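Presented below is the structure to which this report refers.
Here the structure is a predicted model, which is why all the values come from computation and not from measurement.
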Amino acid sequence: MDLSISLKQSLSISPQLIQNLEILQMGSQQLLEYIRQLAEENPTIDLNEAYSEQNELDQFRLKLMWLRQMDVQNKVYYKNDSDYTDPLSTVSDNDETLSDYLMTQLGEADIPHRLKRAAEFAAMSLNDSGWLTESVRSMAAASGFSEHEMAGAVDIIQSLDPPGVGAYDLESCLNIQLERLDSDTVLAQQIVTEHLRDMANKSEEKLAKLLGASVEDTKQACRLIRSLNPRPSSGFASEQSTVYITPDIIVVSFPDHFEILTNDYYFPTVKINTYYMNMLESTDSEDVKKYLNERLRQAKAAISGIDQRKTMLLRCAEQIVAFQEDFFRGGSLRPMTMSDLAGMLEVHESTVSRAVKDKFVQCSRGVYPLSRFFSRALGESGSVSAAEAKELIRKMVDAEDRKTPLSDSRLCENLSQQGVEISRRTVAKYRSELGIAAAAVRKQQKKTE
C-alpha cells in the first residue's frame with residue numbers, strides 16, 4: 001500500500017456566513033420579526049425599543065418635520081400645517097366598504113330572513129371590483145343555501161346600489177347599469193353584448209356598419225357606455241387594511257449634497273444582557289456556562305449579522321445615489337445593473353442582489369424599491385435605460401398630432417433616430433406598461449372628445 005500526502009483547496013461556508021447572508025436579504029418587516037423572535041428564545045438578548053406604541057406617532061411626526069426643514073425639495077409637499085394628514089392613519093375620507101354599504105341596504109330591505117342571509121353571503125363574496133367570481137352552485141355549496149335561494153340572493157344584490165354590483169363580468173356589469181337607465185339603451189346593450197371588443201378596436205363608422213345603425217346613434221351609444229362604471233367598488237374603502245411600506249433608507253436632498261440615513265428608528269436596538277454576562281463569570285456550574293456560552297455566541301452572531309446588513313445596505317445606497325444623482329434631482333435613471341454596483345463595491349453580484357431584495361428608499365420623489373434603480377442600457381451608445389426609453393415614448397405621444405397619432409412603428413423609428421434601437425414589439429410593450437392606448441384607439445378617443 002502506497003501512502004502519499006497531497007494538498008488541495010476546498011471551499012466551505014461557515015454557519016456564521018450563512019446566517020449573515022440570510023439576515024442580509026431580509027426585508028424590514030421580516031428582520032423585525034426575526035429580532036423579536038430571537039429575543040423571546042434567547043434570554044441573553046435585550047431589546048431597547050426605538051419607540052413605544054404611545055410615542056410612535058409623535059416620533060414619526062418629528063421625523064417628517066425634520067425632513068421638511070432639511071430637504072428643500074420636500075417643501076412643496078408641506079405648504080402649510082393645516083394641510084397635514086396623519087400618515088399613520090388607515091382610515092380614508094370614505095371609510096365605508098362596499099360590503100358595509102350593501103349590508104345597510106339589505107338591513108332596510110323587506111325580504112324574507114333566509115333570503116336576506118343568503119344575500120349577505122353573496123355580498124361578502126364580491127371581489128375588489130364589486131363582481132362575483134363564484135357561481136351560484138359553488139356559493140350554495142359553501143353556504144348551505146339551495147341553488148334556488150342563492151340565485152335569488154344574487155338577483156337581490158344586483159338590484160342594489162351602486163349599479164353593476166354583483167355582476168359576473170364586464171359585460172353583465174355594464175348591461176345591469178344600462179337596464180336601470182330610463183333612456184333607450186337597446187343599441188348600447190347590443191354593443192356591450194356583441195361588439196364590446198370592436199368598440200375598443202374599430203372606428204365608430206366601422207362599428208355602425210356592423211350594427212346596421214347610423215353613425216350618430218352609434219357614437220351616442222358609445223358615449224353612454226364609456227360613461228358607465230366598470231368597477232362598482234370604486235369610491236369605497238378597501239376591504240383590506242392599508243399596508244404601509246417601511247423605507248430602509250432615507251435620502252435627504254441638499255443643494256450641494258445628499259444625506260443618506262438608515263431607518264434605525266423602526267428597529268429595536270439589540271444588546272447583550274449584562275446580568276448574564278456577569279453570571280457567566282461568577283458561576284461554577286459547567287452546565288450553566290455551556291448554556292450561556294451557546295446563547296451568547298448566538299446573540300453576538302445575530303448582532304454581527306444585523307450590523308453587517310446595515311453597513312452593506314448603506315454602502316449600496318450611497319453608490320446608487322451617487323450614480324443616479326440625476327434621478328434624485330428630478331431627472332431620469334441612468335442604465336445600471338447589479339453587476340455594475342457589485343464592481344463598485346468589490347463584492348459578488350449575489351451579495352448585491354441579497355442586499356437590495358425587498359428594500360425600499362424614501363426620497364423627495366416618493367418611496368421606491370431599490371431594485372427600481374437597476375435597468376439595462378438600450379441603444380448603440382448604451383446610455384439609455386428602459387425607464388428612459390419609456391419616458392421618451394411618453395413625451396413623443398404627449399407631443400404628437402392627435403389627428404395622426406404615432407403608431408408603434410413610427411415610435412420605433414423616432415427612437416432609432418435618437419440612438420435607441422429597440423424592436424416594435426418592445427415599443428408596444430413599453431407603451432402598454434405606460435397605460436397608453438394604441439394609435440387607432442387614441443385617434444378614436446380624440447374624435448369622441
Does a side-chain heavy-atom distance below 4.5 Å link [X] with [Y]?
X	Y	value
M139	E147	no
Y430	L411	no
L370	L313	yes
F360	I249	no
I35	L47	yes
I272	D46	no
D161	P163	yes
Q30	Q25	no

Return yes if some donor-acceptor pair links the side-chain N/O of [X] with the main-chain N/O of [Y] below 3.5 Å, else return no.
X	Y	result
S416	C412	no
S172	D169	yes
S353	E349	no
Q324	F373	yes
D184	V186	yes
E205	V215	no
D340	T337	yes

task = Assign the ring pair F236 / Y101 to parallel, tilted or perpendicular, where the plane angle (0 to 90°) is split at 30° and 60°.
result =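 If you compare the ring of F236 with that of Y101, the planes turn out tilted.
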Would you compute the distance between atom [atom1] of [X] and atom [atom2] of [Y] and round it to the nearest 0.5 angstrom?
X	Y	atom1	atom2	result
T269	D264	OG1	CG	7.5 Å
Q308	I23	CD	CD1	8.5 Å
E120	S125	CD	OG	11.5 Å
S214	Q220	OG	CD	9.0 Å
I393	I422	CD1	CD1	5.0 Å
Q189	L224	CD	CG	9.5 Å

Between [X] and [Y], does any side-chain N to carboxylate O distance fall below 4.0 Å?
X	Y	result
R226	E204	yes
R231	D128	no
D248	R309	yes

Any idea which heavy atoms bring [X] and [Y] closest together, and the distance?
X	Y	answer
M150	S143	CE-OG, 3.3 Å
S234	N229	OG-ND2, 3.1 Å
L415	A389	CD2-O, 4.4 Å
D198	L207	CB-CD1, 4.0 Å
G166	L126	CA-CD2, 3.9 Å
N263	P247	ND2-O, 2.7 Å

Partner set under salt bridge (Lys or Arg N to Asp or Glu O under 4.0 Å) for [X], not counting sequence neighbours:
X	result
R354	none
R424	none
D408	R431
K359	none

request  = Apply side-chain contact (heavy atoms from CB on, under 4.5 Å) to the pair I157 and L106, showing each step before the final yes or no.
outcome  = CA-CA 9 Å; I157 293 297; L106 289 172; 4.3 Å; yes
message = Can you list everything that forms a side chain to side chain contact (heavy atoms under 4.5 Å, CB included) with S371? Sequence neighbours excluded, please.
response =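 S371 satisfies side chain to side chain contact (heavy atoms under 4.5 Å, CB included) with P369 once adjacent residues are dropped.
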task = For the residue pair S135 and S138, confirm or rule out a side-chain donor-acceptor distance under 3.5 Å.
result =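 Present: a donor and an acceptor within the cut-off.
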task = Starting from the C-alpha separation in whole Å, work towards a yes-or-no answer on salt bridge (charged side-chain N to carboxylate O under 4.0 Å, His left out) for E40 and R36.
result = CA-CA 6 Å; E40 290 178 1; R36 288 179 172 164; over 6 Å; no
Steps toward side chain to side chain donor-acceptor pair (under 3.5 Å) verdict (S99, T97) = CA-CA 5 Å; S99 59; T97 65; 3.1 Å; yes
ask   = Is D256 atom CG crowded by more than 12 heavy atoms from other residues, nucleotides or ligands, each under 6.0 Å away?
value = yes
inquiry  = I'd like to know whether E179 forms a side-chain contact (heavy atoms from CB on, under 4.5 Å) with T185, so could you lay out the CA-CA distance, the side-chain angles of the two residues, the decisive distance to 0.1 Å, and finally the verdict.
reply    = CA-CA 7 Å; E179 290 169 359; T185 61; 6.0 Å; no
inquiry  = As a quick check of understanding, evaluate side-chain contact (heavy atoms from CB on, under 4.5 Å) for L333 and R372, giving each step before the final call.
reply    = CA-CA 9 Å; L333 288 172; R372 168 78 166 77; 2.6 Å; yes
key: Evaluation steps, salt bridge (charged side-chain N to carboxylate O under 4.0 Å, His left out), between E400 and R394   = CA-CA 10 Å; E400 71 184 0; R394 185 192 297 278; over 6 Å; no
task = For side-chain contact (heavy atoms from CB on, under 4.5 Å), just list the numbers for Q319 and R315, CA-CA rounded to whole Å, side-chain angles, deciding distance to a tenth of an Å, and then say yes or no.
result = CA-CA 6 Å; Q319 292 294 337; R315 289 181 64 199; 5.8 Å; no
ask   = Can you check ring-ring contact (aromatic ring centres under 6.0 Å, His included) on F323 and F328, steps first, answer last?
value = CA-CA 10 Å; F323 192 86; F328 289 96; over 10 Å; no
ask   = Can you name the residues that form a side chain to side chain donor-acceptor pair (under 3.5 Å) with Q37, not counting sequence neighbours?
value = E41
query = Does the side chain to side chain donor-acceptor pair (under 3.5 Å) test come out yes or no for N20 and S304, once each step is laid out?
reply = CA-CA 8 Å; N20 289 349; S304 174; 4.8 Å; no
key: R365 charged N/C atom sitting above F327 aromatic ring, 6.0 Å / 45°   =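 Yes, R365 sits over the ring of F327.
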